[in-house]
Protein chains: 2
Amino acid sequence: MPITDTSKSANCLAMSDVLNRIGDKWSVMVVGILGKSGTLRFNELKRMINGISQRMLTLTLRNLERDGLVTRTIYPEVPPRVEYSLTKMGKTLDGPISSLWDWSSDHHQAILEARAVYDTREGAIAKENTRKIAYARG
Amino acid sequence: MPITDTSKSANCLAMSDVLNRIGDKWSVMVVGILGKSGTLRFNELKRMINGISQRMLTLTLRNLERDGLVTRTIYPEVPPRVEYSLTKMGKTLDGPISSLWDWSSDHHQAILEARAVYDTREGAIAKENTRKIAYARG
DNA sequence: CTGGATCCCCCCTGATACTG
DNA sequence: CAGTATCAGGGGGGATCCAG
């Protein structure tokens, strides 16, 4: 199945564009968490997402809102309250995101082990022989 | 369903770690294309991925190989030939990636429209009134 | 053809301080 | 609480040259 036909090329460009937003780890985490929790306030999100800065959360939420994936509701109270949740389109994205989420927790350990194996082997190769790399690895 | 329990926190960390590699747009594109095409050579991949540089393709493939998601096979020929394909674990990732891929092509247009609407509305708000932002948007 | 090595710039990101 | 404004630093990523 060649990728060079029109539909696949279009997919490629769509992916490239969408991934510039969605491929960002913070966006994935926000969508994933909102998908699981429903509606959250700014600082609730901030506390749930490991290591995100206030600035990045603000930017991420703005971009998601701009792309029509997240709704932002301001309650004119004091102290201020702003709630975020997924739009209808955002909810459709939560499916693929959840798949990715599940895959991550299922294979995280395997990836860590693969890295360890790779690093060990590369280290051994480098120490043993730096010239004869001309054979298949794996 | 609170996110604060142990399993969800673990998922959060797994996501964070995995997304540092997988969330990268180039990795997603490489896995997606390899999943669709099976086995490809370096320059075949480079031609198929819109806008990737040689350096980034090399680094991306190395990282994917290190994480046990891609196999790299060197044929000691002249000119050199190197073929890449997904490992068993890589193939399991292709499922979620394909979902994301399909979602992208399905919703790309909607996202573009949402951006246009957002930008128009923001522009109008900024021009009309910069003080009274204290109402719900969306 | 498949990369390794190098230079270098831009922007992403975090930290901090301030406002409503 | 929910941001905005500003500054500074690091690294992601492109361009280029060279090697096997």
Side-chain angles (χ1 to χ4, degrees), chain A residues 16 19-30 39-66 70-85 122 125-126 129-138, chain B residues 16 19-30 39-66 70-85 122 125-126 129-138:
Chain A
S16 187
L19 281 176
N20 279 324
R21 182 75 9 109
I22 303 307
D24 161 46
K25 63 178 278 189
W26 298 131
S27 296
V28 176
M29 310 256 327
V30 167
T39 297
L40 291 173
R41 303 179 58 170
F42 185 86
N43 275 349
E44 290 175 331
L45 275 168
K46 187 168 185 304
R47 277 190 296 270
M48 284 183 181
I49 301 179
N50 188 289
I52 193 171
S53 66
Q54 185 189 52
R55 170 189 171 82
M56 279 303 101
L57 181 54
T58 300
L59 290 178
T60 300
L61 287 168
R62 282 293 182 285
N63 286 329
L64 290 174
E65 184 196 4
R66 186 168 102 101
V70 159
T71 63
R72 177 169 177 261
T73 308
I74 306 179
Y75 296 89
E77 304 172 355
V78 44
R81 180 162 57 104
V82 181
E83 291 186 346
Y84 296 91
S85 59
E122 289 302 296
I125 289 176
N129 192 335
T130 53
R131 290 167 300 176
K132 291 182 179 176
I133 313 290
Y135 53 83
R137 294 185 276 175
Chain B
S16 188
L19 280 175
N20 279 325
R21 182 76 6 113
I22 303 306
D24 161 45
K25 61 177 278 187
W26 298 131
S27 295
V28 175
M29 310 259 324
V30 167
T39 298
L40 290 173
R41 302 180 59 174
F42 185 85
N43 274 351
E44 289 176 331
L45 275 167
K46 187 170 186 301
R47 277 190 296 271
M48 283 182 181
I49 301 179
N50 189 290
I52 194 172
S53 67
Q54 181 193 59
R55 170 190 170 82
M56 278 304 99
L57 183 54
T58 299
L59 290 178
T60 300
L61 287 168
R62 282 293 180 284
N63 286 331
L64 289 174
E65 185 196 4
R66 187 169 101 101
V70 160
T71 63
R72 177 168 177 262
T73 309
I74 307 179
Y75 296 89
E77 302 172 355
V78 43
R81 180 162 59 104
V82 181
E83 289 186 346
Y84 296 90
S85 59
E122 290 303 295
I125 289 176
N129 192 336
T130 53
R131 290 167 301 176
K132 291 181 178 177
I133 313 290
Y135 53 84
R137 297 186 274 176

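To find a chain, count down the sequence lines: A is the first, B the second, and so on, and within it residues start at 1.
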A:Ile74 CD1 to D:dG3 P, straight-line distance once rounded to whole Å: 7 Å
On the nucleotide C:dG3, are OP1 or OP2 found under 4.0 Å from the side-chain N or O atoms that B:Tyr84 carries? yes
In whole Å, I'd like the distance from the NZ atom of A:Lys25 to the C1' atom of D:dG11. 14 Å
Between C1' of D:dC1 and CG of A:Leu61, the distance in whole Å: 14 Å
Which is true for A:Glu77 with a 4.0 Å heavy-atom rule: it touches a base, it touches only sugar-phosphate, or it touches nothing? nothing
From the set C:dT2, D:dC1, C:dG14, return the single nucleotide nearest to any side-chain atom of A:Trp26. C:dG14
Of the listed D:dA2, D:dG3, C:dC1, the closest approach to the A:Asn43 side chain comes from D:dA2
Just how far, in rounded Å, is C1' of C:dT2 from OH of B:Tyr75? 15 Å
Is A:Arg62 near enough to D:dG3 that one of its side-chain N or O atoms lies under 4.0 angstrom from OP1 or OP2? yes
Report the residue (A:Asp24 or A:Pro80) whose heavy-atom-nearest nucleotide on DNA chain C is the more 5′ of the two. A:Asp24
How many whole angstroms separate atom CD of B:Glu83 from atom C1' of C:dT2? 13 Å
OP1 or OP2 of D:dG3 under 4.0 Å from side-chain N/O of A:Arg72: yes
How far apart are the C-alpha atoms of B:Met48 and B:Leu40, what are their side-chain angles, what is the distance that settles it, and do they pass the side chain to side chain contact (heavy atoms under 4.5 Å, CB included) test? CA-CA 10 Å; B:Met48 283 182 181; B:Leu40 290 173; 3.7 Å; yes
Determine whether B:Leu61 and B:Leu45 make a side-chain contact, defined as any pair of heavy atoms from C-beta on separated by less than 4.5 Å. yes
Please report the distance, rounded to the nearest Å, between CD in A:Gln54 and C1' in D:dC1. 10 Å
Looking at the side chain of A:Ser53, which of C:dG14, C:dG4, D:dA2 is the nearest nucleotide? C:dG14
So that I can tick it off, tell me whether A:Lys46 and A:Glu44 are bridged by a salt bridge, with the cut-off set at under 4.0 angstrom between side-chain N and carboxylate O. no
Provide, to the nearest angstrom, the distance between the CE atom belonging to B:Met56 and the C1' atom belonging to D:dG12. 6 Å
Of the listed nucleotides C:dT2, C:dG4, D:dC1, the one nearest the side chain of B:Val82: C:dT2
Any A:Arg55 side-chain N or O less than 4.0 Å from OP1/OP2 of C:dA15: no
What distance separates A:Trp26 CH2 from A:Ile49 CD1, expressed to the nearest 0.5 Å? 7.0 Å
Look at the side-chain N and O atoms of B:Arg81 and state whether any lies under 4.0 Å from the OP1 or OP2 oxygen of C:dT2. no
Going by distance alone, is a donor N or O of one side chain under 3.5 Å from an acceptor N or O of the other, for A:Thr60 and A:Ser27? no
To the nearest angstrom, the CD1-C1' distance between A:Ile49 and C:dT13 comes to 15 Å
Just compare C:dG3, D:dT4, D:dC1 and give me whichever is closest to any side-chain atom of B:Thr58. C:dG3
